[in-house]
Amino acid sequence: MARSKYQPTEIEARWQARWAGQDAYAARNDDPRPKFYNLVMFPYPSGDLHIGHWYNYTGADIFGRFQRMNGYNVMQPIGFDAFGLPAENAAIKRNIQPREWTLDNIANMRKQLGKLGAAWDWDREVVTCLPDYYRWTQWVFLQFYKQGLAYRTKAPANWCPTCNTTLANEQVVSGACERCGTLVERREIDQWLLRITRYADELLNFEGLDWPEKTKLMQTNWIGRSEGAEVRFKAIVPPKTQTRDGGRRSSEDHAETIEISVFTTRPDTIYGVTFFLLAPEHPLVEKLTAPKQRNAVRAYIEQASHESEIERMSADKARPKTGVPLGSYALNPVSGERIPIWIADYVLMGYGTGAVMGVPAHDQRDFTFARAFGLPIRLVYQDETGSLDADAMSEAAPHVGHVINSGQFNGLPDSQATVNAFIQYIEEIGAGKATVNYRLRDWLVSRQRYWGAPIPIIYCPEHGEVAVPEDDLPVRLPDEAEFKPTGESPLRYDPSFLHTTCPICGKPATRETDTLDTFICSSWYFLRYADPHDETQAWAADKVAKWLPVDMYIGGAEHAVMHLLYARFFVKALRDMGLLAFEEPFTRLYHQGTVLGPDGQKMSKSRGNVIAPDSVVSRYGADAVRAYLMFMGPFDQGGPWNNQGIEGVSRYLNRVWALYSDYLDEQSSGAQVEVAAGVGVKRLRHRTIARVTEDYRNLRFNTALAALMEFVNGLNKARDDDKAVTNDPRFTAALETLALLLAPMAPFIGEEMWHGLAHADSVHAQSWPGYDPALTVDERVTVVVQVNGKLRDKLEAAPGISEDEARELALASAKVQAALAGRPVRKVIYVPGKLLNVVG
RNA sequence: GCCGGUGUGGCGGAAUGGUAUACGCGGCGGUCUCAAAAACCGCUCCCUUCACUGGGUUGUGGGUUCGAGUCCCACCACCGGCACCA
């Protein structure tokens, strides 16, 4: 009989239609089995599902299907993170409304997501740009507002003076506006922020989370907790007009002083302070600038306003330290010494207090700065040999020896106890206190843009800032907007949006026209999936309690810090409001790697190395594309796409099909009978189940497929060795197992085979196969014999061979004796059943 | 620059501190065929050798260990993030 041909397109279309009709993957709230919330990071609707989405979602779907077969009630939702900048760019470029563009893209991507063969629960779909979703985004914002976790203040934004508009960082190309090339500046404007810093300490705790170590480390470093002291320096305010002696002697005794706090992790070096630095944006700069320095200071501030923070933080030697003296002075609170005040761009307003005490001898950046401007360097630590010399140093000495030049503290060692002694003294003299500082800053959520969720706030001439009453939500985004280069949200030019009445007094008022950062939408979407159609509330407590927290969350490592930190913050804040009863949103987290182009480079249209999923799927089928993606390498590493690689995986599926269809042919002509070769088939089957189970559980899909390939190779070999084995029930069992093990990775061929092997129900509804550990080990083992760690011989033995037996056999070996060359055996190391190392 | 990660045959990669190179791709040889493709079988890290054998090899240089791709230190290269792309 002629072997039937593997036709993925036909098989896949057929099962696709069947599954859809049966609503096979809708998760039911009343299902008694244990729940498993299997989540992927939802896509931005850019218009096309790219191969990276396929990679992410295939791995997640395999895991979800695996868990379903392991007896879980799996919820695997999908949706779209649909607000954001690209829609506005498209609107301007193609003269199409963001809403229309986004909804068209979503319609297309729904189709593409369907082809993947993933077990999506479409009934739970969430689209963040629709009013029935963003209504609740606004509601969540109002809850934060009520708790004082949302507030409005001046905050910096990139500003293009030519386009009269704020710019996203992405729109700033090497300091200039991407559209017109004008140098971008930083401007302070009124914006909304969320007080994530209130949760800084709690966010450092990752207890109970099965997350990659590197992600926890990155978040920890991002939060950047450091202990130290806040120390108050007095600054002498220079006279407003220039006097002949610079305003110093005549007025200093009566001069006005103001206090400026610095944060330092090294209060123990306070006697070594030789200058005082302010960030160029520091609010006291103007007041502390002497008249003769005014022009230089203004010019420097202007220059610094064009620099990015990354540039400013750079400690690159090729980038010289810059700064300008204000012409005024500060007083060291411990020594009373007068030190000059400068502004320097390496001091950031967003970190600490925006002011730094300069200790050049023991801080590298301060050292470089002092050398650049000829400022004095004073050692307050000396090493044991007394070799440090302030004039001869080529770099700072951050940790060394013992304290000098510091009065009563001289002689103390470089230690935490010494730091504490200084803090205690600073507290005693009332100059400051021990404090904890975080690198983490509050989250700026205002966007001066149209395509986002409007911030539900009204400004009343009489009552000021007023929250929109919850019953009035959603504050609807107009369907259309005009994009003018005015620097303000297009909403400001839509009178029907802008003008409203005050909820308190009913008099005319205006709406906030900034919209919310899209990260807000993605900070709670996983809650909405639990209760997606609720028109009366953001979520029902019992439904969220049923499904949350997320059991497995798979998405890119590029979200390791911001999105994942924001979502954790949301859950903790909502918990404190009594709206959630759990601590952390994502119990287990996994980052898939990146799929690169065939040239090993990141895929991009300009490089012409983009692989379009639709075209490879129509050629090889979704099963082959899924399996190849997973076979490419470790799931968390990604790798380059290889056109020959997918050919190889496609050939494998053809071999699976050939094995299966030949078997069906041969079965029809033979009666079931056990033959000797069946024993090996049985062992191979058990070993394969063990390997694949372990691999799927740990998302090691590449080695799972390697095991499945070896399985098929082994079955073909067994059949070549003894044709009759196909009539052995153990061979039938092996083929059924093959269908079950393949089902998560290649759901269509798995289903087709399962049905072909005379089963009426879906392979995806079966229980995951078990195995007998005793049958997964070999009947004979190879014990490797080494001499001084080098391989010299191998012994074939029973698995339980003892050390004495192995040692005797090894020493009898001529190869071992030759390697020993007559030296006595000094030591023998034995790893049972595996290795014997003779040390001589 | 700072934070995090990665580096193994011609290529993608495998390897609880214990036989480095599983599995797949490519290449070479063969079977089948008038021929080719497909499919199937065999070989394939490097040097030495007709062969047996011996030696070498996991980015570079050191170290720990009976034994290191794996652990530690330094360096090099590449990738992700750096707060308004998402």
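As the structure is a prediction and not an experimental result, all values here were calculated from the model. Per chain, numbering begins at 1; letters A, B, ... match sequence-line order. Hydrogens, waters and symmetry mates are skipped; everything else that's a heavy atom, side chains included, is used.
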Below 3.5 Å is the cut-off: list the nitrogen or oxygen pairs between protein and nucleotides 17-28 of chain B, distance only.
unit_1, atom_1, unit_2, atom_2, d
B:G18, N2, A:Gln786, OE1, 3.3
B:G18, N2, A:Asn837, ND2, 3.3
B:U19, O2, A:Lys794, NZ, 2.8
B:A22, O2', A:Glu710, OE2, 3.4
B:G24, OP1, A:Asn713, ND2, 3.1
B:C25, OP1, A:Arg651, NE, 3.3
B:C25, OP1, A:Arg651, NH2, 2.8
B:G26, OP2, A:Arg651, NH2, 3.1

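Using C1' as the reference atom, B:G54 and B:G62 are 28 Å apart when rounded to the nearest Å. B:A14 and B:C50 have their P atoms separated by 38 Å, given to the nearest Å. Rounded to the nearest Å, the gap between the C1' atom of B:C45 and that of B:U31 is 28 Å. For the P atoms, the distance from B:G7 to B:G59 is 8 Å, rounded to whole Å. Remark: the separation of the C1' atoms in B:G18 and B:G69 is 13 Å, to the nearest Å. The P atoms of B:U8 and B:G13 are separated by 8 Å, rounded to the nearest whole Å. With C1' as the reference atom, B:A15 and B:G67 are 16 Å apart, rounded to whole Å. Distance check on atom P: B:U44 versus B:C82 gives 48 Å, rounded to whole Å.
The base of B:C82 is not paired with the side chain of A:Glu309 by any donor and acceptor separated by under 3.5 Å. A donor-acceptor contact under 3.5 Å links the side chain of A:Gln191 to the base of B:C84.
A cation-pi arrangement, defined by a distance under 6.0 Å to the six-membered ring centre and an angle within 45 degrees of its axis, is absent between A:Arg568 and A:Trp222. With A:Tyr151 as the aromatic partner, A:Arg195 meets the cation-pi criteria of under 6.0 angstrom to the ring centre and within 45 degrees of the ring axis. A cation-pi arrangement is absent between A:Arg626 and A:Trp54, since the terminal nitrogen or guanidinium carbon is not both under 6.0 Å from the aromatic centre and inside a 45° cone about the axis.
Helical stems in RNA chain B, defined as runs of 3 or more consecutive Watson-Crick or G-U wobble pairs with both donor-acceptor distances under 3.5 Å, are listed by first residue as B:1-7 with B:76-82, B:10-12 with B:23-25, B:26-31 with B:39-44, B:45-47 with B:54-56, B:59-63 with B:71-75.
When the side-chain contact (heavy atoms from CB on, under 4.5 Å) test is applied to A:Asn56, the partners found at least two apart in sequence or on another chain are A:Val40, A:Ile554, A:Gln592.
Base orientation at B:G42 is anti, since its O4'-C1' glycosidic dihedral falls outside 90° of 0.
Proximity of A:Lys216 to the phosphate of B:C3: no side-chain N or O atom is located under 4.0 Å from OP1 or OP2. Put simply, A:Arg312 has no side-chain N or O that comes within less than 4.0 Å of OP1 or OP2 on B:C82. Contact annotation: A:Asn788 side-chain N/O to B:G67 OP1/OP2 distance is not under 4.0 Å.
Of the charged side-chain nitrogens involved, at least one lies within less than 4.0 Å of a carboxylate oxygen, so that A:Glu694 and A:Arg697 count as a salt-bridged pair.
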